[in-house]
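Worksheet: one structure, shown below.
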2 protein chains.
Amino acid sequence: MNWAATALHRLERAGYRSGAARREVVDLLAAEPCAVTALEIDRRLDSVGRASVYRTLDQLDRLHLVQRVEIGGDAAGYERIDPDQHHHHLICEECGRLTPFVSEVLEKAIERISREADFEVTAHDVVLRGACSTCAGDA
Amino acid sequence: MNWAATALHRLERAGYRSGAARREVVDLLAAEPCAVTALEIDRRLDSVGRASVYRTLDQLDRLHLVQRVEIGGDAAGYERIDPDQHHHHLICEECGRLTPFVSEVLEKAIERISREADFEVTAHDVVLRGACSTCAGDA
DNA sequence: ATCTGTGCAAATAGTTTGCATCCTC
DNA sequence: GAGGATGCAAACTATTTGCACAGAT
């Protein structure tokens, strides 16, 4: 079962009724492998009101179907949580570009911290900042 | 040399003139080991205008003397960058409490990623979310 | 004396809320 | 038919900017 179907199913089980706006937002997120901004979603979906975008993102976040990614500046990014696509981000401080990456060692380290800390870790977010290959060349 | 002195020195060398507001903000950050919000700083420093708080934080961030920490919700936190105090954060999604932690394994993993990625990593930020021992007890 | 730093208030930008209406169940 | 879902516009909140004046060099 793909992410979109799972998400709609879980929303339904959580007691939410089905609506056009939410379906459109879910579809957009399903097609986007990395983080998108709420305003970006609003801009791309003419038939959906801004409030519905935020409301849907909030619901998805609460059900852990989507993860909030703190992109450096003003707006927050959101991306679907999909075990097969788990990744973290490199953010270029020059051009703002967001690049996903995967690291087995990092995941192991985080698992170990979760186990050792007196804290029940349910989600984690790693952001590395610096200069991407393109921008680093300028220096 | 302590952080406050280093910071003021580096600001001077970066061409900034000395001013009362900035000195107060630097002093407050120097005394605070973990993240503080801009509005929190503004609230605690009556004689300093809000704009000066943001301007100072921006300058310190640019010089990598301070690091922006993305606390979950609305406001961003700032904390001094001090090699001796390097740490990451656990955020409780129930009560919002911020707890610092240190992990050698994690740092090694990040160093390795930096080395292997085609990306010049200058800073990193790890946030683990979940429930702190107090809140997990309620469940 | 010059030019930067600062406080204040107004302007922005992202996000949230109130409410009338539409649509799902 | 009842109650949740949605769009619009207004409200909020964090952050930024314009500007006149104080202070540093």
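All values below come from the heavy atoms of this structure, side chains included, with hydrogens, waters and symmetry mates left out. Sequence lines set the chain letters: A, B, ... in the order given, protein chains first and strands last, and positions in each chain run from 1.
Between A:Arg43 atom CZ and D:dG7 atom C1' the separation is 18 Å, expressed in whole Å. For A:Asp74 and D:dT13, the CG to C1' distance is 14 Å, given to the nearest whole Å. Across the protein-nucleic acid pair, A:Ile71 atom CD1 and C:dG14 atom P stand 12 Å apart, rounded to whole Å. B:Leu11 places its CG atom 15 Å from the C1' atom of D:dA24, with the value rounded to the nearest Å. Look at OH on B:Tyr54: it is 15 Å from C1' on C:dA10, rounded to the nearest Å. Rounded to a whole Å, the CG atom of B:Leu57 is 15 Å from the P atom of D:dT17. Rounded to an integer number of Å, the gap from B:Arg68 CZ to D:dA14 P is 13 Å. Distance CD (A:Glu40) to C1' (C:dA13): 16 Å, rounded to an integer number of Å.
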Report the C-alpha separation of A:Arg23 and A:Ser18 in whole Å, then their side-chain angles, then the decisive distance to 0.1 Å, and conclude whether the side chain to side chain donor-acceptor pair (under 3.5 Å) test is met.
CA-CA 7 Å; A:Arg23 231 173 301 130; A:Ser18 168; 3.2 Å; yes

A:Gln67 and A:Arg80: CA distance, side-chain angles, deciding distance, side chain to side chain donor-acceptor pair (under 3.5 Å) verdict
CA-CA 6 Å; A:Gln67 166 158 22; A:Arg80 60 180 209 256; over 6 Å; no

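In terms of heavy-atom proximity, A:Ala109 sits nearest to B:Ala109 at CB-CB, 4.4 Å. Residues A:Thr37 and A:Ala75 come closest through the heavy atom pair OG1-CB, 3.6 Å.
Relative to the axis of its first five pairs, the axis of the last five pairs of the helix from C:dA1-D:dT25 to C:dC25-D:dG1 sits at 30°, rounded to 10 degrees.
The listed nucleotides are D:dA14, C:dT6, D:dA5; the one nearest the side chain of B:Leu39 is D:dA14.
Membership of the apolar cluster around A:Leu106 extends to A:Leu90, A:Phe101, A:Ile110, A:Ile113, A:Phe119, A:Val121, A:Val126, A:Leu128, B:Leu90, B:Phe101, B:Leu106, B:Ile110, B:Ile113, B:Phe119, B:Val121, B:Val126, B:Leu128, as traced through chained side-chain contacts below 4.5 Å between ILVMFWY residues. In this structure, B:Tyr54 shares a hydrophobic cluster with B:Leu39, the cluster being traced through Ile, Leu, Val, Met, Phe, Trp and Tyr side chains under 4.5 angstrom apart.
Residue pairs that meet the side-chain hydrogen bond (donor to acceptor under 3.5 Å, both in side chains) test with at least one member in residues 1-17 of chain A, sequence neighbours left out, do not exist here. For the side-chain hydrogen bond (donor to acceptor under 3.5 Å, both in side chains) condition, the pairs that include at least one residue of residues 84-96 of chain A, sequence neighbours left out, are A:Glu79-A:His87, A:Glu79-A:His89, A:His86-A:His88, A:His86-A:Glu107, A:His86-A:His124, A:His87-A:His89, A:His88-A:Glu107, A:His88-A:His124.
Residue A:Arg44 holds its CZ atom at 4.5 Å from CG of A:Leu28, rounded to the nearest 0.5 Å.
Counting non-hydrogen atoms under 4.0 angstrom, A:Arg50 reaches a base of the nucleic acid. Contacts of A:Ser47 with the nucleic acid, taken as non-hydrogen atoms under 4.0 Å apart, involve only primed sugar atoms and P, OP1 or OP2.
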Close N or O pairs between protein and nucleotides 18-25 of chain C (under 3.5 Å):
unit_1, atom_1, unit_2, atom_2, d
C:dT24, O2, A:Arg17, NH1, 2.7

